[in-house]
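Data block below; observations after.
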Amino acid sequence: MTALRQEPLAEEWARQRVRRRTSVLARLRSKPVAAFLMCLPLLVLIVGLIIYPFFYSIYLAMLNKRETQVVWLDNFRFLLTMDTFWLVVRTSFLFTFTAVFFKALLGFILALVINTLPTRGQRVWRGVSLVPWVMPLALSTLGWWWIFEPTHSALNWILVELGFAPKSWLADPFWARFSIILVNVWYGTPFFMIMYLAGLKSIPLELFDSASIDGAGPFQRLRFITLPMLKNIIAITMLFSTIVTFANFDIVRVLTRGGPRNETHLFGTFSFRLGIESGDVPLGAAVALVMFPILAVSAFFILRGVRRSVV
Amino acid sequence: MAQVVLKDLNKKFDEVYAVKDVNLHIRDKEFMVLVGPSGCGKSTTLRMVAGLEEITSGEVHIGERLVNDLPPKDRDIAMVFQNYALYPHMTVYDNMAFGLKMRKFPKPEIETRVREAATLLGIQELLKRKPRQLSGGQRQRVAVGRAIVRHPQVFLFDEPLSNLDAKLRVQMRVELKRLHDRLETTVIYVTHDQVEAMTLGDRVVVMKDGLVQQVGEPMELYSKPRNKFVAGFIGSPAMNFIETTISDASGALYAETAGLRVRVPAERTSRLAPYKGQAVTLGIRPEDLQEATGGDPQDLVFEALVEVVEPLGSEILLDTKVGTQTIVARVDPTVSTKHHQKIRLAFVPDRIHFFDNKTEQAIA
C-alpha cells in the first residue's frame, strides 16, 4: 500500500524540481526562498555593521604598528607587560562598578519617590529628571568641565564660601576619578529611574494591600514585595548600564583626557589615545578588543540569572 | 470573633461621595454580603474596614475597638482579593506563611497552621508550587488559605469569585459557605452578583451610589424590596416594571395600562387610594406570572403576545409584549406556546408590588 503510493509521489516531486529549476519566478514562490529574501536587509545590516567590523578589528589587532605584517598575538602580549594598561584595567573596573552601583541606588530611590507622588505631579518630575539622560553627553560634560574649573567656577566658590579649601578637581588623581564617576552617575541615573519606575508601575497594587494586611511595614514591603518583583528589571538594567559604562568615552575625553598621568583612562579613551593620537592603530584595536570577553562573560551570567528567575 | 459596626461612614473622592452615611451592624459570626452595581461604594466600604482606604468621616469598630486610626495590620482582619493578590515570587507555602512570619510566629507554629489550612482546603499537594503553576480555582484556595492561617477576627472578601468560570464559581460558593460554618468567623463579602449575595449571605446589604438601599435576609429582600432599585436588582430574570395608572370602579382600585387592567388586592387599597388618578409603577416578578387557567379571576388575567421563547428545561422564559411594554414571564415547562402566538397570563395577586414614581419607594 505505502509502496504503491510512494512511487507516483516521488515522480511528481522530481517533475516539480525540474520545473522550478527552469523558472526564477517559481523559485521566488517557494517559502524558504521568500523568507530568506525578506530577512536579507537585516542580514546585510548585521553583517555590515557588526560581523565585518568585529572581525576586521580582530585582524587589525594582529598587525604590526605600520600595518604591514601580521604579528598574531604580539600586541596583546605587549599590553600585558604595560603598567599603564593595568592601570586602565583597574580604573575601568573601579569606574564601572562604582558608577553602576550609585546609578542603581539613586535611580531606585528616585523612582520610589516619584512613584509616591500624585499622578498629576508625576509627569513633570519624570520629565525633569530625564533631562541629564536626554542631553548630548559631550555637551553636558562640557558644562561639568566648567563647573569643575578650579579658579573661576561654581564648585570651588561654594566650597570656599562654606569654609573649605578649594580643590583642583580634575588635576588631583582621586578627585579626577571622583569627578568622572560623578558625571557618569548624574548622566545615567535617569535611565535607571525610568526603568525602575516602569517596573514599579507593573506591580499590582493589591500585592501591597495584601502585604500591609499581612502585617508588613513599609520597609518589609520594600524588602519582600518590591525588590523581588523588580529583580529582573534590576538585573537587566544593570547589565545594560555595565556595558555602556564600561565602554564610556565622552566623559573622560572631555573632562580629563585620561589625565592626570593616565589615572582616569578607560578602555575606550586609552584605545583612542594609542590608536588615533599615537598612531598605533593595531595596539588601540587590541585594547578595545580586551573589553569584549569581559562584557560577553558578564552578559552571559546576568542573562542566565534572568532566565532562571523567569521560569 | 467579633462584630463590626460602621457608624455614619463617609468616603469622598474629590467632592464626590463614594460612600455616604453608611450605618451597619454586622453581628459576630455573621456572613454579611455587600452587593450592588459597580461604583456603588461596596468595595470602598470594605477597604475602609480593612484600613486600605482613608475614612473621610464616621467610625469603624471591630470588636470593641474603634479602628479608624489603626493600620491594616493591627485590625486583626484578613482579606481575599478579586485577583487573589498572591505573591508571584513565593511558593504557596510562603504565601500562606507570610502573614505569620511578619508577625514573628515561631517556625513550628507557622508550619502547623499552614498545613492545617492546606488540609482544610485540599491544597496540601501544592505547597511547593509557585502561583503561576496553579489553576484559577487553586489560586483562589491559596488566597483563602492565606487568610485563614492567621485566625483573624473578621474575613473580608472582595469579589473573590469573579475571576473564576461559571461552574467553578458555583462550586467555590458552596465551599466558602461550608468554610464559614466551620470557622465561625465574621465575614464581610463584596460582590456584584446578586445570586452570590443571596446564596451566601446571612444578611445582604444592597448599595447604590454610595448609599445603603436595604439591609435584610435574602428572602426578605426578594419578597419585600423596599424600593424599585432593590426590586430590580435582586432576582433573575429581573422584576417586570409596568407603568400603570390607578383608577377606581365599583369600589375597587385598578392599575391600568394599554392592554392590561389589574385589580389591586383588597388589603392594598388603603395605601394606594391616595394615588387615585396618578401613575405608579407596578412590579411583578417573572415567576409570579403564570399561564391563566379558567379558574383565575378575570381582573388578574391579561393577554400577551409572545415574542421570544427561552426553554431552560426546568422552566420556560417568555418575552412577551403587552401594549408597548415588554413583560417577561417564567412559566412551567409544560406550557406549549410559540413566538408570535398569544398567551393569557395571570398575576399571583399577593406578589404584586407597587412603587411610587417620584420616590421609587415601595408602596406597601
Side-chain angles (χ1 to χ4, degrees), chain A residues 104 108 111-112 115-124 195-239 301-311, chain B residues 13-14 43 46-53 67 70-91 94-105 110 130-133 139 142-147 149-150 152-160 163:
Chain A
F108 190 71
L112 284 181
N115 198 37
T116 56
L117 293 176
T119 333
R120 265 178 241 155
Q122 243 181 59
R123 287 181 67 179
V124 177
M195 295 293 280
Y196 291 163
L197 200 58
L200 284 173
K201 299 239 179 260
S202 71
I203 304 177
L205 288 176
E206 286 85 2
L207 290 188
F208 295 109
D209 285 345
S210 179
S212 46
I213 289 177
D214 271 341
F219 199 75
Q220 285 158 318
R221 290 202 288 274
L222 187 72
R223 158 88 181 74
F224 294 109
I225 310 292
T226 312
L227 281 175
M229 293 296 287
L230 290 184
K231 207 170 92 186
N232 281 346
I233 220 155
I234 290 175
I236 291 173
T237 313
M238 285 181 82
L239 165 72
F301 277 110
I302 297 178
L303 281 179
R304 194 177 64 165
V306 169
R307 227 174 308 134
R308 265 198 200 145
S309 60
V310 165
V311 171
Chain B
F13 288 115
D14 296 335
S43 282
L46 190 77
R47 289 173 63 84
M48 283 194 280
V49 175
L52 298 171
E53 205 76 68
V67 298
L70 289 182
K73 68 185 172 88
D74 297 330
R75 296 191 179 195
D76 204 3
I77 46 154
M79 187 157 167
V80 177
F81 295 83
Q82 178 175 355
N83 52 13
Y84 322 132
L86 299 178
Y87 311 122
H89 53 284
M90 296 182 198
T91 61
D94 288 333
N95 261 286
M96 289 170 69
F98 188 71
L100 300 173
K101 275 184 195 159
M102 289 299 110
R103 277 156 225 273
K104 308 226 156 53
F105 274 67
I110 295 179
K130 293 268 180 80
R132 65 173 169 274
Q133 297 163 310
R139 284 179 206 187
V142 176
V144 172
R146 188 170 63 178
V149 290
R150 298 227 325 269
Q153 287 195 313
V154 182
F155 281 122
L156 308 176
F157 290 93
D158 191 2
E159 310 224 11
N163 284 6

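A quick note: this is a predicted structure, and the numbers were derived from the prediction, not measured. Here is the naming used below: chain letters follow the sequence lines, and residue numbers restart at 1 for every chain. Below, each value reflects all heavy atoms present in this structure, side chains not excepted, and no hydrogens, waters or symmetry copies.
- Neither the backbone nor the side chain of A:F208 comes within less than 4.5 Å of any heavy atom in chain B.
- A salt bridge does not link A:D214 with B:K101: none of the charged nitrogens is closer than 4.0 Å to a carboxylate oxygen.
- Contact tally against chain B (heavy-atom pairs below 4.5 Å) for A:G217, A:P204, A:S210: the top residue is A:S210.
- Between B:N83 and A:E206 the shortest side-chain heavy-atom distance falls below 4.5 Å.
- Contact count against chain A (heavy-atom pairs under 4.5 Å) is highest for B:M102 among B:M102, B:R47, B:M79.
- At most 12 non-hydrogen atoms from other residues, nucleotides or ligands lie less than 6.0 angstrom from NZ of B:K104.
- There is no contact between B:L156 and chain A, counting heavy-atom distances below 4.5 Å.
- Counting heavy atoms from C-beta on, the side chains of A:L207 and B:P88 come closer than 4.5 Å.
- Smallest separation of non-hydrogen atoms from B:H89 and A:P228: CD2-CB, 3.3 Å.
- Note: A:I225 CD1 to B:F98 CZ = 4.5 Å, rounded to the nearest 0.5 Å.
- The parts of B:Y87 that come within reach of chain A are both its backbone and its side chain, each placing non-hydrogen atoms under 4.5 angstrom from that chain.
- Environment of CZ in A:R123: sparse, with no more than 12 heavy atoms of neighbouring residues, nucleotides or ligands closer than 6.0 Å.
- In plain terms, the two heavy atoms of A:I213 and B:A78 that are nearest each other are CG2-CA, 4.1 Å.
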